[in-house]
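Counting begins at 1 with the first residue of the sequence.
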Amino acid sequence: MGNVPKRQHGECAKQTTCGMCQRDNIDGLSVITFILLLDLTCTRQIALLIIDVQNCFLPGGSLAVTEGDQVIPLINNIRSEFKADISLVVLSQDWHCSDHISFASQHKGAGQVDSYSAFYDNGGFRHTELHDKLQEDGIDALIITGLARDYCVYYTAMDSKKLGYETYVVLDATRPVTKETGDSAVADMKIKGIQIIESPDVAGVIAQLTSDAKYLKSSILMISIILCLFKCLIGM
């Protein structure tokens, strides 16, 4: 066999395929794949949930919420202003025909069985497709708006928090059925760690979420580069 040429300082061994002298473990394609995955996993995915903004809950509707129509321009402003930052917009719709099986009135002697959450029924026995869709799209933060603050918004926010989403309720983009139950719902959400904000705060929340992601990505990338250089040095 002929002489094997010695590896010169600064050159990569034959089995090393990336430009940072990594050996065997990570080739050039893997490095590129890692960076692409890093970009995906470190990007915060935000969804806007619009809960039950429908005619029957607006003034003049069969189950009207006082000032329910006043949430519409605020929600529209959030959608338009942060279109580039919000990955997914979800609108829920409440079905409440008078003899629906979910109503407590349809079950003699039964307690509350009505469904308020966009994620589950109140007993938590059945779930909608919402959580699956959010997971499919990689969503990890939810901004919740809609009607009514003390029922469907409240239960949706509580389930959102339980499922591990970073949860924000835009207070002025919701309205309660009554002030008393609305105040109680807000107090309980705060206790459970749900962030209660106003529509002018949305810009700051989104900026914080995206800056957290950028900081995390740059930190991980820097650590990866240092590890690559370290492997290069010890491999010389």
Side-chain angles (χ1 to χ4, degrees), residues 32-53 71 74-93 115-122 124-147 149 151-174 185-224:
I32 294 172
T33 303
F34 170 75
I35 293 173
L36 290 174
L37 288 173
L38 180 64
D39 186 65
L40 289 173
T41 55
C42 291
T43 301
R44 301 299 299 272
Q45 301 297 320
I46 305 167
L48 173 65
L49 267 58
I50 304 171
I51 304 299
D52 300 353
V53 179
V71 307
L74 295 173
I75 293 170
N76 286 339
N77 286 341
I78 293 171
R79 291 186 68 179
S80 60
E81 186 174 350
F82 304 105
K83 184 177 181 180
D85 302 296
I86 293 172
S87 304
L88 182 69
V89 177
V90 178
L91 297 90
S92 71
Q93 182 177 3
S115 177
Y116 297 126
S117 172
F119 287 100
Y120 298 102
D121 62 24
N122 282 353
F125 299 113
R126 292 186 297 261
H127 65 83
T128 67
E129 67 272 20
L130 178 57
H131 180 51
D132 291 339
K133 177 60 180 174
L134 296 175
Q135 292 291 289
E136 180 184 316
D137 284 27
I139 302 297
D140 56 4
L142 300 183
I143 297 173
I144 303 176
T145 63
L147 303 170
R149 180 187 301 165
Y151 290 95
C152 296
V153 169
Y154 167 72
Y155 281 92
T156 298
M158 296 292 275
D159 284 339
S160 169
K161 186 66 176 178
K162 288 176 186 176
L163 289 167
Y165 296 101
E166 191 164 345
T167 306
Y168 299 85
V169 171
V170 186
L171 197 65
D172 57 340
T174 71
V186 170
D188 198 26
M189 287 189 285
K190 287 180 177 178
I191 290 171
K192 298 302 193 299
I194 295 165
Q195 302 296 314
I196 307 298
I197 62 174
E198 301 283 343
S199 55
D201 302 323
V202 173
V205 167
I206 289 179
Q208 183 63 49
L209 289 171
T210 53
S211 65
D212 286 348
K214 290 175 182 176
Y215 175 78
L216 177 62
K217 181 165 69 174
S218 61
S219 298
I220 295 175
L221 190 57
M222 181 60 68
I223 292 170
S224 302

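Contact of the Asp140 side chain with the Glu166 side chain is not registered, since no non-hydrogen atoms from C-beta on lie closer than 4.5 Å. Residues Leu209 and Val205 form a side-chain contact, since some pair of their non-hydrogen atoms from C-beta on lies under 4.5 Å apart. Considering only heavy atoms from C-beta on, Ile51 stays 4.5 Å or farther from Tyr155 through its side chain. At a threshold of 4.5 Å between non-hydrogen side-chain atoms, the residues Leu91 and Val53 do not count as touching. In this structure, Leu134 and Leu142 have side chains that are in contact, with non-hydrogen atoms separated by less than 4.5 Å. Using a 4.5 Å heavy-atom cutoff, the side chains of Ile143 and Ile206 are in contact.
For Lys190, the side-chain contact (heavy atoms from CB on, under 4.5 Å) partners at least two apart in sequence or on another chain are Val186, Ile196. Residues forming a side chain to side chain donor-acceptor pair (under 3.5 Å) with Ser160 (at least two apart in sequence, or on another chain): Thr167. Qualifying side chain to side chain donor-acceptor pair (under 3.5 Å) partners for Lys162, counting only residues two or more places apart in sequence or in other chains: none.
Taking CG of Leu163 as the start and CD1 of Ile139 as the end, the distance is 14.0 Å to the nearest 0.5 Å. Of the inter-residue distances, the one linking Lys192 atom NZ with Tyr154 atom OH reads 5.5 Å to the nearest 0.5 angstrom. Atom OG1 of residue Thr174 and atom CZ of residue Arg149 lie 3.5 Å apart, to the nearest 0.5 angstrom.
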Show me the donor-acceptor pairs, under 3.5 Å and distance only, between side chains in residues 79-90 and residues at least two apart or in other chains.
from	atom 1	to	atom 2	distance (Å)
Ser80	OG	Asn76	O	3.1
Ser80	OG	Asn77	O	3.1
Ser87	OG	Gln45	OE1	2.6

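When every heavy atom of Ala118 is checked against every heavy atom of Thr128, the shortest pair comes out as O-OG1, 2.6 Å. Scanning both residues, Ile50 and Thr145, for their nearest heavy atoms gives CA-OG1, 3.6 Å. Between Gly146 and Ile75, the closest heavy-atom pair is N-CD1, 4.2 Å. The minimum heavy-atom distance linking Ala157 with Ile144 is given by the pair CA-CD1, 3.6 Å. Nearest heavy atom pair, residue Gly193 against residue Lys161, reads O-NZ, 3.4 Å.
Counting only residues at least two apart or in different chains, salt bridge (Lys or Arg N to Asp or Glu O under 4.0 Å) contacts with residues 129-138 comprise Lys133-Glu136, Lys133-Asp137. Here side-chain hydrogen bond (donor to acceptor under 3.5 Å, both in side chains) pairs that include residues 193-204, with residues two or more places apart or in two chains, are Asp172-Ser199.
No donor-acceptor distance shorter than 3.5 angstrom exists from the side chain of Thr156 to the backbone of Val153, with no hydrogens or angles considered.
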Worked check of side-chain contact (heavy atoms from CB on, under 4.5 Å) between Met158 and Asp188: CA-CA 9 Å; Met158 296 292 275; Asp188 198 26; 3.5 Å; yes
Test log, rule side-chain contact (heavy atoms from CB on, under 4.5 Å), inputs Leu147 and Val71: CA-CA 9 Å; Leu147 303 170; Val71 307; 4.3 Å; yes
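Aromatic ring orientation, Phe119 versus Tyr165: parallel (interplanar angle below 30°, classes split at 30° and 60°).
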